[in-house]
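Computation of the quantities below employed the complete heavy-atom set of this structure, encompassing side-chain atoms and omitting hydrogens, waters and symmetry-equivalent molecules.
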Amino acid sequence: MMLVEARVLGRSRAVVEPHELTYEPHQPVPLRQLIADVVRGEVGLAVDPDRLRRFLRVLAADQIERQPDGSHGRSIDVDEVVRSALEGFDHGFYYVFIGDQQYENLEQLVRIEPTTRVRFVRLVPLAD
């Protein structure tokens, strides 16, 4: 189990409040795998379609906008959303914090414990 949260920098409240997601790897995993697994886990849960849409907008906003019915999970192309989320991280659209540590490389190894808190923080570009 781990706590997952999604935020947008500059907003006082989380876009998606911390919630538990079952994730129990037996060894450290690359950040790339963690992000992919969290996206797949969120889509698989899809308990609250609105929360899912808000969460995925933090990680893969451009992909969600192109989905025919992104609010219902059933039509979401999970592999495309994972690809978009990984590209978004590579392009610096959002940061990943695990506990108090920021992870900056998709190949960094991550150890997940039952009390681990994972925060995805989307950056908002300033207007010209």
Side-chain angles (χ1 to χ4, degrees):
M1 224 30 115
M2 67 179 165
L3 283 177
V4 175
E5 169 184 11
R7 303 187 73 83
V8 173
L9 199 62
R11 292 190 182 167
S12 59
R13 293 182 43 149
V15 174
V16 175
E17 294 295 328
H19 59 283
E20 290 184 344
L21 184 68
T22 301
Y23 190 72
E24 299 175 7
H26 299 289
Q27 58 192 11
V29 297
L31 180 62
R32 169 185 311 280
Q33 182 179 337
L34 175 69
I35 292 171
D37 291 344
V38 168
V39 168
R40 286 188 173 94
E42 290 292 330
V43 171
L45 284 175
V47 174
D48 179 349
D50 187 49
R51 182 186 87 188
L52 174 63
R53 186 173 184 85
R54 289 190 317 268
F55 179 81
L56 294 180
R57 279 189 175 178
V58 171
L59 273 66
D62 62 324
Q63 185 62 34
I64 295 308
E65 296 304 320
R66 291 189 300 233
Q67 293 289 332
D69 190 9
S71 65
H72 295 297
R74 293 182 293 274
S75 301
I76 292 177
D77 182 338
V78 179
D79 292 331
E80 279 299 309
V81 175
V82 167
R83 183 195 56 73
S84 183
L86 293 172
E87 281 181 10
F89 182 85
D90 270 342
H91 292 300
F93 295 153
Y94 67 92
Y95 295 139
V96 176
F97 293 87
I98 300 173
D100 292 332
Q101 181 180 351
Q102 179 180 347
Y103 284 74
E104 299 176 359
N105 182 314
L106 288 172
E107 302 313 317
Q108 278 181 276
L109 293 179
V110 176
R111 178 174 297 281
I112 300 298
E113 303 292 336
T115 59
T116 299
R117 183 183 197 121
V118 179
R119 274 176 283 145
F120 297 94
V121 181
R122 181 138 185 118
L123 304 176
V124 179
L126 298 174
D128 289 330

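Counting heavy atoms from C-beta on, the side chains of Val4 and Phe55 come closer than 4.5 Å. Counting only heavy atoms from C-beta outward, the side chains of Val96 and Phe120 approach each other to under 4.5 Å.
Rounding to the nearest 0.5 Å gives a distance of 4.5 Å between CG of Asp90 and CG of Leu106. Here the OH atom belonging to Tyr23 is positioned 14.0 Å from the CE atom belonging to Met1, to the nearest 0.5 angstrom. To the nearest 0.5 angstrom, Arg122 atom CZ is 15.5 Å from Arg7 atom CZ. Distance CE/Met2 to CD/Glu113: 12.0 Å, rounded to 0.5 Å.
In the hydrophobic clustering of this structure, Leu3 does not group with Leu21; members are Ile, Leu, Val, Met, Phe, Trp, Tyr whose side-chain heavy atoms approach within less than 4.5 Å, directly or through other members. Taken together through direct or relayed side-chain contacts under 4.5 Å among Ile, Leu, Val, Met, Phe, Trp and Tyr, Ile98 and Leu109 form parts of separate hydrophobic clusters. Cluster membership for Val43 and Val118, using ILVMFWY side-chain heavy atoms within less than 4.5 angstrom, is shared.
By the 4.0 Å N-to-carboxylate-O rule, Arg117 lies too far from Asp100 to be salt-bridged with it. Glu42 has a carboxylate O that lies under 4.0 Å from a charged side-chain N of Arg51, or vice versa, which qualifies the two as a salt bridge.
Not one N or O on the side chain of Tyr95 forms a donor-acceptor pair closer than 3.5 Å with the backbone of Leu123. No donor-acceptor pair under 3.5 Å is formed between the side chain of Arg57 and the backbone N or O of Leu52.
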Anything under 3.5 Å between a donor and an acceptor, one on a side chain of residues 27-36, the other on a protein residue two or more places apart or in another chain? List them.
from, atom 1, to, atom 2, distance (Å)
Arg32, NE, Glu107, OE2, 3.0
Arg32, NH2, Glu107, OE2, 2.8
Gln33, NE2, Asp37, OD2, 3.4

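For Asn105, the side chain to side chain donor-acceptor pair (under 3.5 Å) criterion is met by no residue, not counting sequence neighbours. Applying the salt bridge (charged side-chain N to carboxylate O under 4.0 Å, His left out) test to Arg54 and every residue at least two apart in sequence or in another chain returns Asp50. Listed by chain and number, the residues in a side chain to side chain donor-acceptor pair (under 3.5 Å) with Arg111 amount to none (sequence neighbours excluded). Residues passing the side-chain contact (heavy atoms from CB on, under 4.5 Å) test with Arg11, sequence neighbours excluded: Val8, Val15.
Taking every heavy atom of both residues into account, Phe89 and Tyr103 meet most closely at CZ-O, 3.4 Å.
Among residues at least two apart or in separate chains, there is no salt bridge (charged side-chain N to carboxylate O under 4.0 Å, His left out) pair with a member in residues 18-30.
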